[in-house]
2 protein chains.
Amino acid sequence: MKNGKATIHDIAEKLQVTASTVSRALNNNPRISDATKKKVLKAAKELNYQPNNIASALRSGKSRLIGVVVPTANRNFFSSVIRGIEEIANSVNYKVVISQSYDDYEKEMQTIEALLNVQVDGIIASIGKTTENVDHYKKILKKGIPLVLFDRVTNELDVSQVVIDDYYGAFQATEHLINEGCRRIVHFSNSQNINIYKERKRGYEDALLKHGIPVDLELIRFSKLQLEDGRTSMQEVIDAKIPFDAVFSASDYSIMGAMQVLKENGYKLPEDVKLVGFGDEPFTSFTEPTLTTVNQKSIPMGNITAETFFEILNQKDQKNVISKKTILKPELIIRNSSLKTQNHNSTIDLIA
Amino acid sequence: MKNGKATIHDIAEKLQVTASTVSRALNNNPRISDATKKKVLKAAKELNYQPNNIASALRSGKSRLIGVVVPTANRNFFSSVIRGIEEIANSVNYKVVISQSYDDYEKEMQTIEALLNVQVDGIIASIGKTTENVDHYKKILKKGIPLVLFDRVTNELDVSQVVIDDYYGAFQATEHLINEGCRRIVHFSNSQNINIYKERKRGYEDALLKHGIPVDLELIRFSKLQLEDGRTSMQEVIDAKIPFDAVFSASDYSIMGAMQVLKENGYKLPEDVKLVGFGDEPFTSFTEPTLTTVNQKSIPMGNITAETFFEILNQKDQKNVISKKTILKPELIIRNSSLKTQNHNSTIDLIA
DNA sequence: TTGTATGCGTTATCAA
DNA sequence: TTGATAACGCATACAA
């Protein structure tokens with residue numbers, strides 16, 4: 001026992017048994033008597049034994065590490081999903097390695113390569129916005145390594161996925177605006193190659209059609225949906241003198257930009273224009289007016305993603321797993337930016 | 001060569017040399033000829049050889065993994081520091097394992113335990129708000145494992161630290177308010193057991209004293225500095241009819257709460273009350289008025305923290321490292337919430 | 001139920 | 001400069 005670290009051999013020596021016996025005792029192997037098992041556990045505690053995961057990983061081929069690839073952890077949605085994944089993973093003694101792709105295709109490939117290099121047992125990922133070629137994900141599957149996608153998924157891959165019903169969320173949001181009396185609803189969307197944005201747009205359109213409102217292509221603006229993009233898109237609509245009475249954005253960030261530009265142009269919110277975002281970022285609750293938005297159920301999504309992952313991991317034949325798609329219902333969080341009658345907690349109310 | 005994975009033995013066989021030779025070629029060992037080195041590298045590429053980090057870790061005792069402990073990755077500051085750490089780490093072929101303590105003492109201990117279990121080569125950490133006992137960090141040092149702290153540090157540990165000059169940042173912020181004509185500046189602080197908050201308060205006080213303004217304890221309010229706490233503290237000051245003309249908060253979140261309450265109570269910003277926050281969270285640029293705040297230089301902090309870490313890691317004698325403290329100068333970002341004359345880009349301006 | 005023997009893939013030591 | 005051999009700590013097939 002050198003440099004303070006006890007191994008199974010130290011325990012074995014102390015107890016006058018062999019290392020195999022100790023190993024079995026420590027791993028809930030049935031081929032051991034309760035008596036020795038107890039003794040081993042006791043000795044392990046006394047020697048302050050900490051298993052060497054690396055040796056175990058080398059021998060067993062399991063690192064008890066899950067690689068999680070997200071565009072950025074600095075987003076309420078993603079960090080909450082990670083938290084949801086960790087809850088489940090830690091409960092079965094797995095550890096999560098977080099990797100950020102920064103929505104960059106090159107970085108995404110590198111980071112997956114790096115995760116495979118540290119021998120993760122599997123990967124959970126959300127695909128970056130700029131990623132159009134998914135060969136690096138195919139490589140994971142070809143190696144027989146479990147892969148689960150969440151939120152930003154693709155149909156090009158036959159893997160299990162956990163998503164929210166973007167269509168449903170967008171439909172609810174749009175219908176809510178219609179119920180509040182809006183007829184000319186601007187929609188901010190992103191590239192239609194990205195599934196979630198395609199679905200949100202479809203939900204928006206179907207809600208309009210259901211209520212007999214024609215889809216006006218002039219009202220749909222495409223961008224990267226950052227705050228600045230929201231500013232630009234909004235200003236364009238205003239400058240083109242296109243009539244509108246609401247904005248439903250596929251992102252909380254771009255709706256913020258719209259909110260700024262609208263105020264700068266003298267519009268009263270929500271009287272003149274009603275706003276709904278998507279994502280329920282924390283800041284949406286402290287804008288003025290507070291922002292109606294769609295909550296994506298991030299922690300449950302993380303839980304379910306991890307559970308799906310472990311189901312796959314525990315299957316014998318990695319090549320023949322049946323992929324399943326879990327769809328969560330998002331929730332419309334109604335705040336002041338979309339309401340005819342102001343909620344009494346509104347800051348706007350009280351200032352006026 | 002089974003299941004598609006080439007090992008150094010496969011390369012050795014192909015080239016009719018031994019595994020040792022291959023290993024040397026792959027690891028820039030000087031005891032090898034250029035000719036064989038070239039051949040090995042070529043063969044490695046042909047066989048698509050990927051080194052097994054786990055085997056290497058077991059043998060060499062180095063996992064090429066750094067554990068990073070942060071309260072939460074879902075904060076602009078922390079996620080940027082992580083990014084800064086990753087930049088450096090990846091450049092020397094190290095991988096970062098991010099662990100969140102959620103500002104919970106128990107979780108912090110568990111997560112460090114878990115990191116040590118996956119055999120990280122060292123730990124970079126920012127101490128949680130509720131952590132008062134640092135024995136779990138002492139344990140890391142006792143094991144001879146490199147440890148570097150950033151931002152939320154402690155004096156109880158003899159380790160290298162990277163911090164910003166909180167005193168300086170607070171001093172600048174307060175002096176700026178004084179220059180803008182404020183005399184009764186409320187200060188929001190947190191527990192004085194946490195170094196950064198103690199320093200910020202000290203900076204606030206010294207700036208006042210320098211300008212001959214007495215420190216009025218009634219103006220200093222302690223809380224957890226969340227948005228809700230800011231609301232409560234602000235309302236308390238108002239209700240107590242304590243005169244004030246500015247608020248300098250040690251956190252962007254609580255200053256948001258103050259901003260809300262002030263507006264609800266009919267104060268005009270920044271005319272009646274000027275505000276300065278701390279942290280430069282992204283949302284501070286889209287409040288109304290836009291918020292003056294202190295930028296903590298997060299990416300450079302991450303870079304320097306990682307560099308410091310590797311300096312220590314590369315030292316022969318882990319027990320005798322000399323700890324050093326790096327102090328970065330924060331930067332005051334002046335926006336509209338603290339200015340007498342409004343900046344022309346101001347949204348307030350344009351609405352009015 | 002326990003022990004024996006072996007190997008996971010790499011690196012380090014020693015010898016040639 | 002290269003090769004042979006052992007060892008890192010653990011888990012498992014096989015034997016007892």
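All chains are named by letter (A, B, ...) in the order of the sequence lines, taking the proteins before the strands, and each is independently numbered beginning at 1. The structure presented is a predicted model; accordingly, all values stated were derived computationally and were not measured. Note that these values count all heavy atoms, side chains included, but never hydrogens, waters or copies made by symmetry.
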From NZ of B:Lys5 over to P of C:dG9, roughly how many Å is that when rounded to an integer? 9 Å
Under a plain distance cut-off of 3.5 Å, with no hydrogens placed, do B:Tyr137 and B:Glu108 share a side-chain donor-acceptor pair? yes
Is any side-chain N or O of B:Asn52 closer than 4.0 Å to OP1 or OP2 of C:dC8? no
Listed nucleotide nearest any side-chain atom of A:Ala55, set C:dT10, D:dC10, D:dA11: D:dC10
Assess whether side-chain hydrogen bond (donor to acceptor under 3.5 Å, both in side chains) is satisfied between B:Lys107 and B:Ser99, documenting all intermediate values. CA-CA 10 Å; B:Lys107 278 230 175 64; B:Ser99 260; over 6 Å; no
What is the distance, rounded to the nearest whole Å, between atom CG of B:Asp10 and atom P of C:dG9? 9 Å
Taking side chain as C-beta onward, heavy atoms only, is A:Ile85 less than 4.5 Å from A:Val81? yes
Need one value for A:Ser33: base, sugar-phosphate or nothing, where a base atom within 4.0 Å counts as base even if backbone is also close, heavy atoms only. sugar-phosphate
Comparing A:Asp34 and B:Gln50 on DNA chain C - which has the more 5′ nearest nucleotide: A:Asp34
Of B:Pro30 and B:Ser60, the one whose closest nucleotide on DNA chain D sits nearer the 5' end is B:Pro30
For the base of C:dG3, is there a side-chain donor-acceptor partner from A:Arg24 under 3.5 Å away? yes
Could you give me the CA-CA distance, side-chain angles and deciding distance for B:Val163 and B:Thr326, then say whether side-chain contact (heavy atoms from CB on, under 4.5 Å) is met? CA-CA 6 Å; B:Val163 294; B:Thr326 309; over 6 Å; no
Touch class at under 4.0 angstrom, heavy-atom based, for A:Leu58 against every strand present: base
Once you round it to whole Å, what is the distance between P of D:dA11 and CG of A:Asn28? 12 Å
A:Tyr49 and A:Asp10: side-chain donor and acceptor closer than 3.5 Å? no
Rounded to the nearest angstrom, tell me the gap between atom CG in B:Asn117 and atom C1' in D:dC10. 14 Å
Look at all strands and tell whether A:Asn29 reaches a base, only sugar-phosphate, or nothing, counting heavy atoms closer than 4.0 Å. nothing
What integer distance in Å separates A:Lys38:NZ from C:dT1:C1'? 16 Å
Indicate yes or no: does A:Lys95 engage A:Glu86 in a salt bridge with an N to O separation below 4.0 Å. no
Separation of D:dC8 atom C1' from A:His9 atom NE2, nearest Å, is 11 Å
Please step through side-chain hydrogen bond (donor to acceptor under 3.5 Å, both in side chains) for the pair A:Thr36 and A:Ser33, ending with a clear verdict. CA-CA 6 Å; A:Thr36 44; A:Ser33 72; 2.7 Å; yes
C:dT10 phosphate, OP1 or OP2: any side-chain N/O from B:Ser56 under 4.0 angstrom? no
Between B:Phe150 and B:Phe77, how do the two ring planes meet: parallel, tilted or perpendicular, split at 30° and 60°? tilted
If you compare every side-chain N and O of A:Tyr49 against the phosphate oxygens of D:dG9 (OP1, OP2), does one of them come in below 4.0 Å? no
Rounding to an integer number of Å, can you tell me how far B:Leu47 CG sits from C:dG9 C1'? 15 Å
In numerical order, the residues of residues 14-21 of chain A whose heavy atoms come under 4.0 Å of DNA chain C are A:Val17, A:Thr18, A:Ser20, A:Thr21
Side chain of A:Arg59: nearest nucleotide among D:dT1, D:dA6, D:dT12? D:dT12
Between C:dT13 atom P and B:Asn27 atom CG, what is the distance in whole Å? 14 Å
